Participant: 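Please read through the structure below; I'll follow up with questions.
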Amino acid sequence: MDYGMIGKIEKAKRYAAQRDRIQFLSFEVAFSGENSKHVVKYAENAWSCDCNFFQTRGVCSHSMALERILENMIPETELSSEE
Ligand SMILES: [Zn+2]
């Protein structure tokens, strides 16, 4: 392996430990819940999920789980900053 690539791999390791460098702008995931599968989306600082709970509350276990997984990689919502 050439030195240029070795340097890039070292930099990638440092970046990977600095999660706040990365901000998700949008994504869509398939979420296997306990009862059924759901599609959770994130775009323009807003979550959406096709589960029934989300339709009435605007937040759900699926979106909150992803917020925890992606800590510091998406802008904090009012709900999560209350913790
Ligand atoms: Zn949901």
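We count ligands from 1, going down the list as the structure has it; atoms in each ligand are counted the same way. Nothing fancy with the numbering, it's 1 onward along the sequence. This one's a predicted model, so the numbers in the text were calculated from it and none came from an experiment.
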Participant: Once rounded to the nearest 0.5 Å, what's the spacing between atom CG of N72 and atom CD of E67?
Facilitator: 11.5 Å

Participant: Taking the ring centre of each residue, are H62 and F31 less than 6.0 Å apart?
Facilitator: yes

Participant: Please round to the nearest 0.5 Å and tell me the distance separating atom NZ of K8 and atom CG of D2.
Facilitator: 11.0 Å

Participant: In Å and rounded to the nearest 0.5 Å, what is the CD1 to CD1 distance from I22 to I74?
Facilitator: 13.0 Å

Participant: Out of curiosity, M64 CE to C49 SG, how far, rounded to the nearest 0.5 Å?
Facilitator: 10.5 Å

Participant: Among C51, C60, S61, S63, exactly one meets side chain to side chain contact (heavy atoms under 4.5 Å, CB included) together with H38. Which residue is that?
Facilitator: C51

Participant: Using 2.8 Å as the cut-off, note every protein N, O or S atom close to the Zn ion (ligand 1).
Facilitator: C49 SG, C51 SG, C60 SG, H62 ND1

